[in-house]
*Asks:* 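My questions will all concern the structure given below.
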Protein chains: 2
Amino acid sequence: MTKPRYHHGDLRAGLIEAARRLVEAKGPERLTMSDASRAAGVSTAAPYRYFADRDALLDAVALEGMERQRHAMQAGGDSHPPGSDAAISAIGLAYIGFATRERGVFRLMFSLTRTHARHPQLLQTGRATFGVLLRHLAQRDGVATDDPSVLARGLKLWTFVHGLSFLLIDDKVSAMEIPLDLPATVADATRRFLRDD
Amino acid sequence: MTKPRYHHGDLRAGLIEAARRLVEAKGPERLTMSDASRAAGVSTAAPYRYFADRDALLDAVALEGMERQRHAMQAGGDSHPPGSDAAISAIGLAYIGFATRERGVFRLMFSLTRTHARHPQLLQTGRATFGVLLRHLAQRDGVATDDPSVLARGLKLWTFVHGLSFLLIDDKVSAMEIPLDLPATVADATRRFLRDD
DNA sequence: GCCATCATGTTAGAAGTTCTAACATGATCT
DNA sequence: AGATCATGTTAGAACTTCTAACATGATGGC
């Protein structure tokens, strides 16, 4: 058994991890600093050494989530030929898979109103995530990632997987009693958005 | 000038309206009962005559928003031949239009975790909203609204407009510097999802 | 090896929140 | 006119975020 130490070791990371678990268990809006502190084994004032306020801790949880989601998407794309329909579908499925595995964190990632002004790192990470998709689309057509047609297709694909993620984590699909073959649906949408006519 | 009266008249409606405005101004999570009470001109305990707790007030705001969104979609569809691509696009645009006009309320409508169990009326109203779209899709194909192909197409179209709504209200489209012709994009997605091959 | 320094923790408390309990008011109906 | 009861108020308990002042112990110079 580990002795309770005055100094935590890495409290910042410990708090982010504790907060991540709590966000997942009870939803972002139910997270309290008290709970996070208790879970990390410190007093309620300790977090303020590392995070300006509650929102700053949530920002950190969101950022960490964005990075994990991006890695999942990267891995999904890498397991298929670059720029192929299969690769692009896999990226979308990885996006949705992250959302459904980590509803709380995913919801948090997209509930930070006007957060970009407050925390440019979140914007940067968001761009990197979108870039995973853009690179495959650009490769497919042999153009640059900021080509207007790549951006337009990227937006439509992102829109679709983003929307489906939300409908799934809000249980709308089941509430409306809609049968769903997720991989087939994502593949279908990918094919429809990528065809030229 | 109106004399301050002890009895409000219709405090329930007054609180919903005050809460709606506050949700829109500061976001759902920033709404406090204190603020809503103050805006409605009553003490902080008065709302509890009509709403069990803060969440119940938010539920009421969400419900009212869902009804207004449904009416907007209904009107959009009605202004075109039933079942036409134009009608279906118009429904989608009305959905997105509501979301961007009332970000706070729209976000609230889709942030009520596990609320269906708590408030079946929200589920019922959600079904009615989806039904606006389903009726046009069913009409188009001359089948019932619960036909699997209608449900599948309905889900894809909903997914798209839902996703685009969220990306717009979260300022992701502008953050990623994606040029967007909204009506054209919705029309394009509608056409792609409705074609048979 | 000892001790000063300072990062990192704690405790105490102010201000604000939700929600309850007990009381006050005035609209309504006989 | 007066009783009744829905609808409001005030007071306060339990919680929250966040700050200020203090405590601890890890670290580096001597």
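It should be emphasised that the depicted structure is a prediction, and the values quoted were computed from it without experimental measurement. Here is how names work: the chains are called A, B, and so on, in the same order as the sequence lines, proteins then strands, and each is numbered from 1.
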*Asks:* Please identify each residue that fulfils salt bridge (charged side-chain N to carboxylate O under 4.0 Å, His left out) with Glu29(A), with sequence neighbours left out.
*Replies:* none
*Asks:* Which pairs with one or both residues in residues 154-165 of chain B pass side-chain hydrogen bond (donor to acceptor under 3.5 Å, both in side chains), sequence neighbours excluded?
*Replies:* Asp188(A)-Lys156(B), Tyr95(B)-Trp158(B), Tyr95(B)-His162(B)
*Asks:* Mind listing the closest non-hydrogen atom pair of Glu177(B) and Pro179(B) along with its distance?
*Replies:* O-CD, 3.6 Å
*Asks:* Please report the end-to-end axis angle for the helix from dG1(C)-dC30(D) to dT30(C)-dA1(D), five pairs per end, rounded to 10 degrees.
*Replies:* 10°
*Asks:* Can you check nucleotides 11-17 of chain D for protein contacts, nitrogen or oxygen pairs under 3.5 Å, and list what you find?
*Replies:*
{"unit_1": "dT17(D)", "atom_1": "OP1", "unit_2": "Met33(A)", "atom_2": "N", "d": "2.6"}
{"unit_1": "dT17(D)", "atom_1": "OP2", "unit_2": "Met33(A)", "atom_2": "N", "d": "3.4"}
{"unit_1": "dT17(D)", "atom_1": "OP2", "unit_2": "Ser34(A)", "atom_2": "N", "d": "3.3"}
{"unit_1": "dT17(D)", "atom_1": "OP2", "unit_2": "Ser34(A)", "atom_2": "OG", "d": "3.0"}

*Asks:* Specify the separation, in whole Å, of atom CG of Leu57(A) and atom P of dC18(D).
*Replies:* 10 Å
*Asks:* Which pairs pass salt bridge (charged side-chain N to carboxylate O under 4.0 Å, His left out) with one or both residues in residues 78-88 of chain B, sequence neighbours excluded?
*Replies:* Asp85(B)-Arg140(B)
*Asks:* Compute whether any side-chain donor of one residue and acceptor of the other, for Ser89(B) and Thr190(B), lie under 3.5 angstrom apart.
*Replies:* yes
*Asks:* May I have the distance from Leu11(B) (atom CG) to dA27(C) (atom P), rounded to whole angstrom?
*Replies:* 15 Å
*Asks:* Side chains of residues 123-133 of chain A: which donor-acceptor partners sit under 3.5 Å, not counting sequence neighbours?
*Replies:*
{"unit_1": "Thr125(A)", "atom_1": "OG1", "unit_2": "Gln121(A)", "atom_2": "O", "d": "3.0"}
{"unit_1": "Arg127(A)", "atom_1": "NH1", "unit_2": "Ala175(B)", "atom_2": "O", "d": "3.1"}
{"unit_1": "Arg127(A)", "atom_1": "NH2", "unit_2": "Ala175(B)", "atom_2": "O", "d": "3.2"}
{"unit_1": "Thr129(A)", "atom_1": "OG1", "unit_2": "Thr125(A)", "atom_2": "O", "d": "3.1"}

*Asks:* Tell me: CG of Leu15(B) to P of dT7(D), nearest whole Å?
*Replies:* 13 Å
*Asks:* Using the rule salt bridge (charged side-chain N to carboxylate O under 4.0 Å, His left out), only one of Arg30(B), Lys26(B), Arg54(B) pairs with Asp35(B); which is it?
*Replies:* Lys26(B)
*Asks:* Tell me if the aromatic rings of Phe166(B) and Phe110(A) count as close, with their centers under 6.0 Å from one another.
*Replies:* no
*Asks:* Among dG8(D), dT10(C), dT8(C), find the nucleotide with the atom closest to the side chain of Tyr50(A).
*Replies:* dT8(C)
*Asks:* Expressed as a whole number of angstroms, how long is the span from Arg49(B):CZ to dA24(C):C1'?
*Replies:* 11 Å
